[in-house]
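Source: prediction; values computed, not measured. Within every chain, numbering begins at 1; the chains are lettered A, B, ... in the order of the sequence lines, protein sequences first and strands thereafter. Values below: all heavy atoms of this structure, side chains included; hydrogens, waters and symmetry mates excluded.
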Amino acid sequence: MNREVRVRFAPSPTGPLHIGGVRTALYNYLFAKKHGGKMLLRIEDTDQKRFVPGAEEYISEALEWIGIKIDEGTQIGGPHAPYRQSERKHIYRQYAEKLIADGNAYYAFDTDQELEEMRKRLEAAKVVAPSYNSITRMQMKNSLTLPDDEVKRKLAAGEPYVIRLKVPRKEEIRLHDLVRGWVMVHSSSIDDKVLMKSDGMPTYHLANVVDDHLMQITHVIRGEEWLPSAPLHVLLYKFLGWEESMPQFAHLPLLLKPDGNGKLSKRDADAGGFPVFPLDWKDPQTGEIYMGFREQGYLPEAITNFLALLGWNPGTEQELFTMDELIENFSIERISKAGAKFDINKAKWFNQQYLRKIPDTELAQTLKKQLEEKKIPHSSYNMEKIVSLIKERIVFHSDVWKEALFFFIAPQQFDPESVRTKWSSEAANIIAEFKKALNNLTDIKAENIKTILHQTAESSGLKIGKVLPALRLAITGAIAGPDLMAIIEILGKDETIARINYALQNINHKIPT
RNA sequence: GGCCCGUUCGUCUAGGGGUUAGGACAUCAGAUUUUCAUUCUGGUAACAGGGGUUCGAUUCCCCUACGGGCUACCA
């Protein structure tokens, strides 16, 4: 069986795509590209009640942002179009009917109340796992228990019904999972799953098997939450006569909360102050805000790299990977089995790494744009120089302007605590001297500035460490920052002197003893 | 509860019958720097527990504990 590798990412449009979903998509993509195959995007919108407008667009945009290119899917079409299950509605029915004809499925007419009563009855009888199964189905209203003519009559009368899979009573279902090995499940632990809903839509179980078969999917790579229903899907492939071409399964470990228990959720994100969604999203119904990695200043390359290594590793000590390198190195065999806790610190570290790779020219453009957006006037300073100075100090792309702000806005007031610890009348005197020397300096270069500062400080017998923090405070308004000499060089003579004058006049000279 | 999956430093993980159990993030200390940051050097830190199998188990098997997932006419 040497088929072209075809994988799919099949989210349902019920809201913003979760970061775990992004990882699933990424692994699918890496696997497909590694084997020169195709990546499909299929929208599983069979639950009309949960449909959320805009969610599908969000999914596409998120995948594009992260760098995943779709070969076939809703937006671009393809040989198996349509790729939206709601538009494929007419396809599923025939397969459900084939199942019924072969005696592998049946019509069921039970109402919600009747199902509820059954559950209560079973619970009262202390049945361990109450479900609609090979035993209980014989007490329910379905085409197995009702006379044929009554079934026909009900169908003809348009009574609501569902189609349920007739799960065999005693059968060992074996499933080979690419990451977990053989998984064995007994059919008695599976219930008679609904295949077609009363609204005429298929459930996930049917739709997913039919579509995967029709779209010639070779590998189903999805989250571990699907593992319990995978045997059911195997059963479906068998009943539909598609066992030979059944895709291989790989169930991915889940992304867990940072502090231990459970699947990563929006709550964790809000509590921890970090995103778990790729892009910002505002729920159209509730107005709730979901923050995205993109808007928080994370680079797509960093998120891709971070995500790739959450649950997979190349077996080498390489940490930084481009998408192409990931594709080259990826293999399902190296996916780990255990769930991975989501550690935002690692994401930040990756972000920092990728931020440093951005050329200064590009970052300078970013800075300009951000200043314009913030309506901060920016004079003719050399943006590239500024950016190269602050580059190593920031984690987020979106923070460039914050770190550079003091270049464009001269300090108006001075933090009293900083003044108390760093300012002194001796320092102020030196600064005044330094100002004069600076005024006489013709070539405003960092090294020259350093020389004259040393000269003025030493001539008064004061250590440079005493005066520099004060000078920094005067010029930038802060007591920490990049190399002061380089700052002065960028600011230029006039601006520096103006700032010194302002500080000298506005900082209280009296030093508490 | 039932079924399924899992368990190596705080976190992501490598490894695998005999290793000083390796790396990265985080953390701590030192060095460099005019400060913070960066960078460099070094340190702390892990095989869940109990039984087997074996000359030897963290590695293989079983049990227990713990964690997770599923248990809808949701995906």
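Between A:K197 and B:C74 there is a side-chain N or O to OP1 or OP2 distance below 4.0 Å. Remark: A:S229 is not in phosphate contact with B:C70, judged by side-chain N or O atoms under 4.0 Å from OP1 or OP2. Proximity of A:T46 to the phosphate of B:C74: no side-chain N or O atom is located under 4.0 Å from OP1 or OP2. Between B:U13 and A:N313, no contact under 4.0 Å exists linking OP1 or OP2 to a side-chain N or O. Considering only side-chain N and O atoms, A:R356 lies under 4.0 angstrom from the phosphate OP1 or OP2 of B:U39. At least one side-chain nitrogen or oxygen of A:R164 sits closer than 4.0 Å to the OP1 or OP2 atom of B:C73. OP1 or OP2 of B:C9 has not a single side-chain nitrogen or oxygen of A:K341 nearer than 4.0 Å.
Note: CZ (A:F342) to C1' (B:G68) measures 18 Å, nearest angstrom. Separating the CD atom of A:E392 from the C1' atom of B:U35 is a distance of 16 Å, rounded to the nearest angstrom. For the pair A:I488 CD1 and B:U35 P, the interatomic distance rounds to 16 Å; values are reported in whole Å. To the nearest angstrom, P of B:C73 lies 11 Å from CE of A:M140. When the P atom of B:A75 is taken as reference, atom CG of A:D47 falls 5 Å away, rounded to whole Å. Remark: P of B:C74 and CH2 of A:W226 are 11 Å apart, rounded to the nearest angstrom. Distance, A:D110 CG to B:A72 P: 15 Å, rounded to whole Å. One atom, CZ of A:F306, and another, P of B:U11, lie 14 Å apart when rounded to the nearest Å.
B:A48 and B:U7 are spaced 7 Å apart, taking the C1' atom of each and rounding to whole Å. Comparing B:G1 with B:A14, their C1' atoms sit 39 Å apart, to the nearest whole Å. Between the C1' atoms of B:C3 and B:U27, the separation comes to 41 Å (whole Å). One C1' atom belongs to B:A57, the other to B:C74, and the distance between them is 46 Å to the nearest Å. Taking atom P on both B:A72 and B:U13, the two are 30 Å apart, rounded to the nearest angstrom. Across the P atoms, B:U11 and B:A45 are found 16 Å apart, a figure rounded to whole Å. Going from the P atom of B:C47 to that of B:U53 covers 24 Å, rounded to whole Å. B:G15 and B:C9 have their C1' atoms separated by 14 Å, given to the nearest Å.
Within the nucleic acid shown, A:G223 has no heavy atom closer than 4.0 Å to any nucleic acid atom. A:D45 comes within contact range of no nucleotide atom at all, as no heavy-atom separation falls under 4.0 Å. Counting non-hydrogen atoms under 4.0 angstrom, A:P253 reaches nothing in the nucleic acid. Backbone-only contact: A:L309 has heavy atoms under 4.0 Å from sugar-phosphate atoms and none from a base. Counting non-hydrogen atoms under 4.0 angstrom, A:V194 reaches the backbone sugars and phosphates but no base. Residue A:G465 is classed as having no contact, given no heavy-atom separation below 4.0 Å to the nucleic acid. Among the atoms of the strands shown, base atoms are found under 4.0 Å from some heavy atom of A:L484.
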Could you list, one pair per line, each protein nitrogen or oxygen that sits under 3.5 Å from a nitrogen or oxygen of nucleotides 2-5 of chain B, together with the distance?
{"residue": "B:C5", "atom": "O2'", "partner": "A:R180", "partner atom": "NH1", "Å": "2.4"}
{"residue": "B:C5", "atom": "O2'", "partner": "A:E224", "partner atom": "OE2", "Å": "3.1"}

Any N/O pairs under 3.5 Å between the protein and nucleotides 46-50 of chain B? List them or say none.
none

Atom pairs under 3.5 Å: protein N/O with N/O of nucleotides 24-29 of chain B:
{"residue": "B:A24", "atom": "O4'", "partner": "A:E319", "partner atom": "OE2", "Å": "3.1"}
{"residue": "B:A24", "atom": "O2'", "partner": "A:K346", "partner atom": "NZ", "Å": "3.4"}
{"residue": "B:A24", "atom": "N3", "partner": "A:K346", "partner atom": "NZ", "Å": "2.9"}
{"residue": "B:C25", "atom": "OP1", "partner": "A:W349", "partner atom": "NE1", "Å": "3.4"}

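Contact check for A:L155 versus A:F109: side-chain heavy atoms found under the 4.5 Å cut-off. Side-chain contact between A:S60 and A:L41 is present, with heavy atoms from C-beta onward closer than 4.5 Å. Side chains of A:Y58 and A:F277 form a contact here, defined as non-hydrogen atoms less than 4.5 Å apart.
Checked against the 6.0 Å centroid criterion, the rings of A:F342 and A:F274 qualify as a close aromatic pair.
Between A:K238 and A:E171, at least one side-chain N (NZ, or NE/NH1/NH2) sits under 4.0 Å from a carboxylate O, which counts as a salt bridge. Remark: A:K466 does not engage A:E426 in a salt bridge, criterion side-chain N to carboxylate O under 4.0 Å. A:R174 has no carboxylate O lying under 4.0 Å from a charged side-chain N of A:E172, or vice versa, which leaves the two without a salt bridge. Ionic pairing of A:E417 and A:R420 is present here: one or more N-O contacts between side-chain nitrogen and carboxylate oxygen are shorter than 4.0 angstrom. By the 4.0 Å N-to-carboxylate-O rule, A:E288 lies close enough to A:K266 to be salt-bridged with it. With respect to A:R119 and A:E116, a salt bridge is recorded, a charged nitrogen being found less than 4.0 Å from a carboxylate O.
The number of heavy atoms from other shown groups lying within 6.0 Å of CZ (A:R169) does not exceed 12.
Across the strands present, B:U39 finds its partner in B:A31; the criterion is a Watson-Crick or G-U wobble pair with both atom distances under 3.5 angstrom. Nucleotide B:U7 has B:A65 as its partner under the Watson-Crick or G-U criteria, with both atom distances under 3.5 Å. In this structure, B:C55 and B:G18 make a Watson-Crick or G-U wobble pair, each of the two defining distances being under 3.5 angstrom. In this structure B:C70 sits in a base pair with B:G2, meeting the Watson-Crick or G-U test at under 3.5 Å.
Toward the 5' end of RNA chain B, the nearer of the two residues A:P11 and A:A338, judged by each one's closest nucleotide, is A:A338. Comparing A:T203 and A:L468 against RNA chain B, the residue whose closest nucleotide sits nearer the 5' end is A:L468.
Side-chain atoms of A:T145 do not come within 3.5 Å of backbone N or O of A:Q139 as any donor-acceptor pair.
Residues A:Y204 and A:D47 bring no donor and acceptor atom of their side chains to less than 3.5 Å of each other. Side-chain contact of A:N313 with A:R334: a donor-acceptor pair under 3.5 Å is present, judged by distance alone. Between the side chains of A:S265 and A:D268, a donor-acceptor pair is found at a separation under 3.5 Å.
The base of B:U35 lies close enough to the side chain of A:R472 for a donor and an acceptor atom to sit less than 3.5 Å apart.
The nucleotide whose nearest atom lies closest to any side-chain atom of A:K263 is, among B:C70, B:A75, B:C73, B:C70. Here the nucleotide nearest the side chain of A:R334, chosen from B:C73, B:U13, B:G15, is B:G15.
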Please determine whether side chain to side chain contact (heavy atoms under 4.5 Å, CB included) holds for the pair A:F396 and A:Y298, giving the CA-CA distance in whole Å, both sets of side-chain angles, and the decisive distance to 0.1 Å.
CA-CA 6 Å; A:F396 299 114; A:Y298 288 86; 3.2 Å; yes
